[in-house]
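First the structure, in the form of structure tokens, and then the observations on it.
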Amino acid sequence: MSAAAGPATGTWPPVDTGPGSPAVQLLRAAAADGATVVLSGHVQPDADALGSVLALATGLRRCGATVVTTFPAPFVLPDSLAWLPGAADLTPPDRVPPAPDLFVSLDAASPGRLGGLAGLLDSARSSLVVDHHASNPGFGEVRLVDPGAAGTVVLVAGLLDGLGVTVDAEIATCLYAGLTADTGSFRFGNTSPATHELAARLLDTGIDHAAISRRLFDTAPFGWLGLVAAAAGRARLEPDVGHGLVWTWSSTTEAAEHGVAADQLEALVDIVRSTAEADVACVLKGQDDGSWSVSLRSRGGTDVSRVAGALGGGGHRLAAGLTSHRDREGTIAAVRAELGALPAAGTAPRPGAVPDLR
């Protein structure tokens, strides 16, 4: 398969981040020319998306490239990520060069996840897509997509090695943040021996992994407890939907009432998915524009990426999401309908099983 080819059979070829690989050659040439390179993660970036952007940006700057880092509107970074090295230098999307020499998309499963920046895929002289979502349809000129990777930061680490960039504590902090986030602190099934080997290598740079985890996962305002109580109190269990569905909802308005930043709504699904009687957990998060951002998680018996994909979203087999412009009841009804029509990905897991978020 050529660098510009898509997944003809729903699978991707083995990734290559060696010095002679198309992705590394493209990046090296851009750096050698002092080219303008725009790096972007997906809308509402998580630690994997932002860590990938910032780590690769640091490496490319050291190689001589002129780098602009950004992410799609809304251009608001949560406190849990704003401390990452390089985050202070992020550029608002409306100030990004409209026709850069190279545009690099990181951790975006589809062009739609790039929001208003998706146009750079066409206006840039060249484009590179680096991603680990199985639902990625194949876009961009050069593609480095590996659904087997624990996170996009794993691919970025390979690119940095291919470029000959030394991974020091600054870069390692960004990579480790994405790695520990996308593996659920190494609890999820996408964790492999190679994941731990990369983590060990990053720890060897002297990073404070305990502080990183604390800032990512264990710091929230007191109002968070009230928000959790409200969302958990309205949760509903529907055991007859698929292998069982548990769902609840909240909104940016409710978060504000509790003094909680809107981005912390993302963590609600981690609480809801602990329900032993349901294979699928779903959280609907009302947005300021009236839409609903939907998070889906499976314990192993359901391919939620197919549910999300059918409704315009995407993601992984056991962790996916979408945006709905229906009302709340219409949104959950659509999720129910897709779950009911979906063949099971396997047998229902035993109660208390640890989610495998590949």
Side-chain angles (χ1 to χ4, degrees), residues 14-41 45 47-70 81-91 101-107 128-132 142 144 146 149-183 186 191-213 215-216:
V15 298
D16 180 8
T17 56
S21 66
V24 170
Q25 287 183 336
L26 182 63
L27 293 172
R28 182 183 291 112
D33 293 341
T36 297
V37 183
V38 173
L39 308 182
S40 177
D48 189 28
L50 189 63
S52 295
V53 167
L54 298 179
L56 185 57
T58 299
L60 287 175
R61 288 188 180 112
R62 293 177 185 175
C63 292
T66 299
V67 180
V68 178
T69 56
T70 188
L81 298 177
W83 59 272
L84 285 171
D89 298 324
L90 286 160
T91 299
D101 297 302
L102 174 61
F103 174 59
V104 183
S105 167
L106 293 141
D107 202 42
L128 168 64
V129 172
V130 184
D131 185 36
H132 75 127
V142 177
L144 184 67
D146 182 9
T152 297
V153 290
V154 174
L155 302 177
V156 170
L159 291 172
L160 293 171
D161 288 343
L163 289 168
V165 174
T166 298
V167 175
D168 57 12
E170 179 183 357
I171 291 177
T173 295
C174 296
L175 295 176
Y176 188 86
L179 191 65
T180 190
D182 260 31
T183 60
F186 309 101
T191 303
S192 67
T195 310
H196 287 292
E197 290 168 2
L198 175 58
R201 177 184 168 196
L202 300 177
L203 292 178
D204 278 342
T205 66
I207 60 174
D208 188 341
H209 66 93
I212 293 172
S213 294
R215 299 179 86 164
L216 287 176

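Below, each value reflects all heavy atoms present in this structure, side chains not excepted, and no hydrogens, waters or symmetry copies. Position 1 is the first residue of the sequence; numbering continues from there.
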Donor-acceptor pair, side chain of [X] and main chain of [Y], under 3.5 angstrom:
X: His132; Y: Ala149; value: yes
X: Thr58; Y: Leu54; value: yes
X: Thr36; Y: Asp101; value: no
X: Arg215; Y: Trp83; value: no
X: Ser21; Y: Gly18; value: yes
X: Thr180; Y: Ala177; value: no

How close do [X] and [Y] get, counting heavy atoms only, and between which atoms?
X: Ala65; Y: Val37; result: CB-CG2, 4.2 Å
X: Ala150; Y: Thr195; result: CB-OG1, 3.9 Å
X: Cys63; Y: Val165; result: SG-CG2, 3.6 Å
X: Leu84; Y: Cys174; result: CD2-CA, 4.3 Å
X: Ala57; Y: Thr69; result: CB-CG2, 3.4 Å
X: Gly59; Y: Leu160; result: CA-CD2, 3.8 Å

Under a 4.5 Å cut-off applied to non-hydrogen side-chain atoms, are [X] and [Y] in contact?
X: Leu128; Y: Leu106; answer: no
X: Leu216; Y: Leu81; answer: yes
X: Pro19; Y: Gln25; answer: no
X: Ile171; Y: Leu202; answer: no
X: Leu60; Y: Leu163; answer: yes
X: Asp161; Y: Thr17; answer: no
X: Thr66; Y: Arg61; answer: no
X: Ser40; Y: Ser105; answer: no

Leu175 and Leu198: side chain to side chain contact (heavy atoms under 4.5 Å, CB included), yes or no, with the steps? CA-CA 9 Å; Leu175 295 176; Leu198 175 58; 5.5 Å; no

According to salt bridge (charged side-chain N to carboxylate O under 4.0 Å, His left out), who are the partners of Arg62, at least two apart in sequence or on a separate chain? Asp168, Glu170

Could you give the distance from OH (Tyr176) to CD1 (Ile212), rounded to the nearest 0.5 Å? 7.0 Å

So, taking the atom named OG in Ser192 and the one named CZ in Phe186, what distance separates them when rounded to the nearest 0.5 Å? 10.5 Å

Result of checking Val129, Leu39, Val53 against Val104 for side chain to side chain contact (heavy atoms under 4.5 Å, CB included): Leu39

Distance-only donor-acceptor pairs under 3.5 Å for side chains of residues 152-159, two or more places apart:
{"from": "Thr152", "atom 1": "OG1", "to": "Asp107", "atom 2": "OD1", "distance (Å)": "2.7"}

